[in-house]
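Structure first, then comments.
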2 protein chains.
Amino acid sequence: MTERSTESRRPTIKEVARLAGVSHQTVSRYLRSRNGLKPDTLSRIDAAVNELNYRPNLVARSMRTRRTGRLAVLLPTMLYNPARMLHGATEAAHEAGFSVEAVSVIGDTEARTERMLEIAGTGQVEGVLALAPISPGVGDQLPQGGTIVVAADFDDQMRGIGELADASPLVAVMERLVEYGHRRFFHVAGNLQFASARARKAAYLETVERLGLESAGVVDGDWSGKSGYDAVHSLSDEQMPTAVVAANDIVASGAIRALIERGLDVPGDVSVTGWDNNEACQYLPPGLTSVELNLEGLGRNAMLSLVKAISGRELEPAPRPLQHVVWRESTGPAPRR
Amino acid sequence: MTERSTESRRPTIKEVARLAGVSHQTVSRYLRSRNGLKPDTLSRIDAAVNELNYRPNLVARSMRTRRTGRLAVLLPTMLYNPARMLHGATEAAHEAGFSVEAVSVIGDTEARTERMLEIAGTGQVEGVLALAPISPGVGDQLPQGGTIVVAADFDDQMRGIGELADASPLVAVMERLVEYGHRRFFHVAGNLQFASARARKAAYLETVERLGLESAGVVDGDWSGKSGYDAVHSLSDEQMPTAVVAANDIVASGAIRALIERGLDVPGDVSVTGWDNNEACQYLPPGLTSVELNLEGLGRNAMLSLVKAISGRELEPAPRPLQHVVWRESTGPAPRR
DNA sequence: CAGGAAATAGTGATCGTTCACTATTTGCGG
DNA sequence: CCGCAAATAGTGAACGATCACTATTTCCTG
């Protein structure tokens, strides 16, 4: 389906004014508040607007007001589904009267950062929310003019908003597994450019240390099923843990596959946990123990900072908790040795 | 991380001109082509631009040129991961000199259509590519001004670009399964608001008819794992097919779960196929036979129509085929009865 | 009904860029 | 070194809205 509407120019505020028999400024007032106008005037403008099917030219408005009401969200490509987070962020932005542009960029942190500066520098958006990792100190490079950048993921100095990278459910998972008798763990990390991957890895190591557990080690992966598959196959029989904590569900699925290929039962011999509560992994046998994320909530809360920084407006944050563990069949008591 | 750059106004073309000792028009020329300027003039402007860290105000430019160079892509929310399609579409748009705004809208077809009209009507974008179902005949409602709308999914009169809804791999899957000895099939459809779901259902029914197969029926679902799970459980033992063709991998995972719960082996008793080549489903046992999509290519090709309609420019389409079947362990010979 | 404040409406400048012209400089043949 | 075309640069209007004022009308009070 392809349609092109009539070629004639769109009507302007002055044409509406002429048709309604008022000045352009009166129409301008009408557009913004609709108060302080006589009922008669108002209805004449109403009629003119309808007759001409007038809609204000937002480009011209932006030009004069120096406000675009638009925000950009920088998304990572392909690594996970950012749609739900984007949705939460967009909803919050709408509440504060902003529209949102999503920009997905391939390439590394540097490429993303470059593109972000480009977006921020042309006055097209009032702020940028980066849901993908960007270089630190990027704010300093911003051209003058007040475009604000909020990074939801950590920057390289490990500062960050935090919620996105909150790894506490991983600690809860491990503690419960310890109650189940597990002593020997293994962690397959995600792409460490992501704060969430770094945080989960750190939480794993910290918990091993704190509870005096054994660890078959940590393998740095890339969020892929293959990374989980390869990591498990890289272990010797002696190293084999009784619990594999994977960075996400995809990694977990690869790990489970490798465990089965090695003749091990899940959860009989080895328990496996994931992250993200991937719908496919809920059903396939064994149902995967995972961490359910309120992605809309996380997106919303990330956007709150940006909205506040730009307009000072404080929106209602998403109700906590934003993550919780869902126990399924892939976890169970540690095997007797 | 939150940063605010200096509050001072961004430099304008006139300030650059003054610093370089030329007229604003000369700077304007410099910005566009950089030809037809004396080397001396050019380097003076270069220096001024760098010193002021000048970037053109695209809002002002759009105002004068009546062109924004921006396109919008309307995305469905949450049903599947549109990131890769968006990426292909964005890449194609960049090649033609457009930037892309992604708009995800919740709600039904009507709500989406309404929002789309809003976006198209304010002159902020030159075109809209709808990757989510919208109401038919929407072009007629568009305000004057030449915003173009291209719908990649079918409209309600079942016209459409087609590639997105190409169900031919489903036919290939069924024919192969027939070679394997399968005679009795079952289809769990996706949300029929989507052209792809309608096309797969139609292809299933047509193939059953053409090859004279038995069908345990078609259940209309919603792309969810639960819909696959419930659909299988709704069958009596007598109705049970030897092959389940699911609308996508998530649905397939639900179906597999239900089959296992009923004591059936996959693929020993029943073969199952999905769609989308979901990464998690590749690993979990049994590896799911599915249809791999070149989502970037599909997104790209959808964008081509829009770009062509707006600028007349014809970009290189993605190489075919854009979909192909990946055979894995969830399919096998029909059981002897 | 005069007078003044409040409510309502109008006028012209302005945002930062490009467009359509006009003006100036350069280069070159004779 | 004149004259003229080509190359280069400058001037002012325009895009479509809002802002900062000023002007007019309405309403109320005494």
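Proteins get letters first, then strands, A, B, ... in listed order; numbering begins at 1 in each.
Atom OH in B:Tyr54 sits about 8 Å away from atom C1' in C:dG16, given to the nearest Å. Rounded to whole Å, atom C1' of C:dT25 lies 13 Å from atom CG of B:Asp40. Here the P atom of nucleotide C:dT26 and the CG atom of B:Leu37 are 15 Å apart, to the nearest Å. Spacing between atom CZ of B:Arg10 and atom C1' of C:dG16 amounts to 10 Å, rounded to whole angstrom units. Remark: C1' of C:dC15 and CE of A:Met63 are 4 Å apart, rounded to the nearest angstrom. For B:Arg66 and C:dG16, the CZ to C1' distance is 16 Å, given to the nearest whole Å.
OP1 or OP2 of C:dA7 has not a single side-chain nitrogen or oxygen of A:Lys38 nearer than 4.0 Å.
At a threshold of 4.5 Å between non-hydrogen side-chain atoms, the residues A:Tyr54 and A:Leu31 count as touching. At a threshold of 4.5 Å between non-hydrogen side-chain atoms, the residues A:Ile310 and A:Phe98 count as touching.
Bounding nucleotides for the chain A contact on DNA chain D, 5' to 3', at a heavy-atom distance below 4.0 Å, are D:dG16 to D:dT26.
Of the possible polar contacts, one joining the A:Arg313 side chain to the A:Glu95 backbone as a donor-acceptor pair under 3.5 Å is found. Looking at B:Ser28, its side chain never comes within 3.5 Å of a backbone N or O of B:His24 through a donor-acceptor pair. Using a distance-only test at 3.5 Å, with no hydrogens or angles considered, a donor-acceptor pair links the side chain of A:Ser43 to the main chain of A:Asp40. The backbone N or O of A:Glu126 sits nowhere less than 3.5 Å from a side-chain atom of A:Arg70 that would complete a donor-acceptor pair. The backbone N or O of A:Arg55 sits less than 3.5 Å from a side-chain atom of A:Arg10, completing a donor-acceptor pair. With A:Arg300 contributing its side chain and A:Gly88 its backbone, the two residues share no donor-acceptor pair below 3.5 Å. For A:Asn57 (side chain) and A:Thr12 (main-chain N/O), no donor-acceptor pair under 3.5 Å exists by modelled atom type.
Annotation: the terminal axes of the helix from C:dC1-D:dG30 to C:dG30-D:dC1 meet at 30°, where each axis is the rotation carrying the C1' atoms of four end pairs onto the next four (5 pairs per end, rounded to 10°).
Separating the CG atom in A:Leu37 from the OG1 atom in A:Thr26 is a distance of 7.0 Å, to the nearest 0.5 Å. The distance from the CG atom of A:Leu129 to the CD atom of A:Glu101 is 13.0 Å, given to the nearest 0.5 Å.
Note on A:Thr41: only backbone sugar-phosphate atoms sit closer than 4.0 angstrom, heavy atoms only; bases stay farther off.
At a non-hydrogen distance threshold of 4.0 Å, A:His24, A:Gln25, A:Ser28 from residues 22-30 of chain A come into contact with DNA chain D.
If you check distances only, the side chain of B:Arg64 does reach the base of C:dT18 with a donor-acceptor pair under 3.5 Å.
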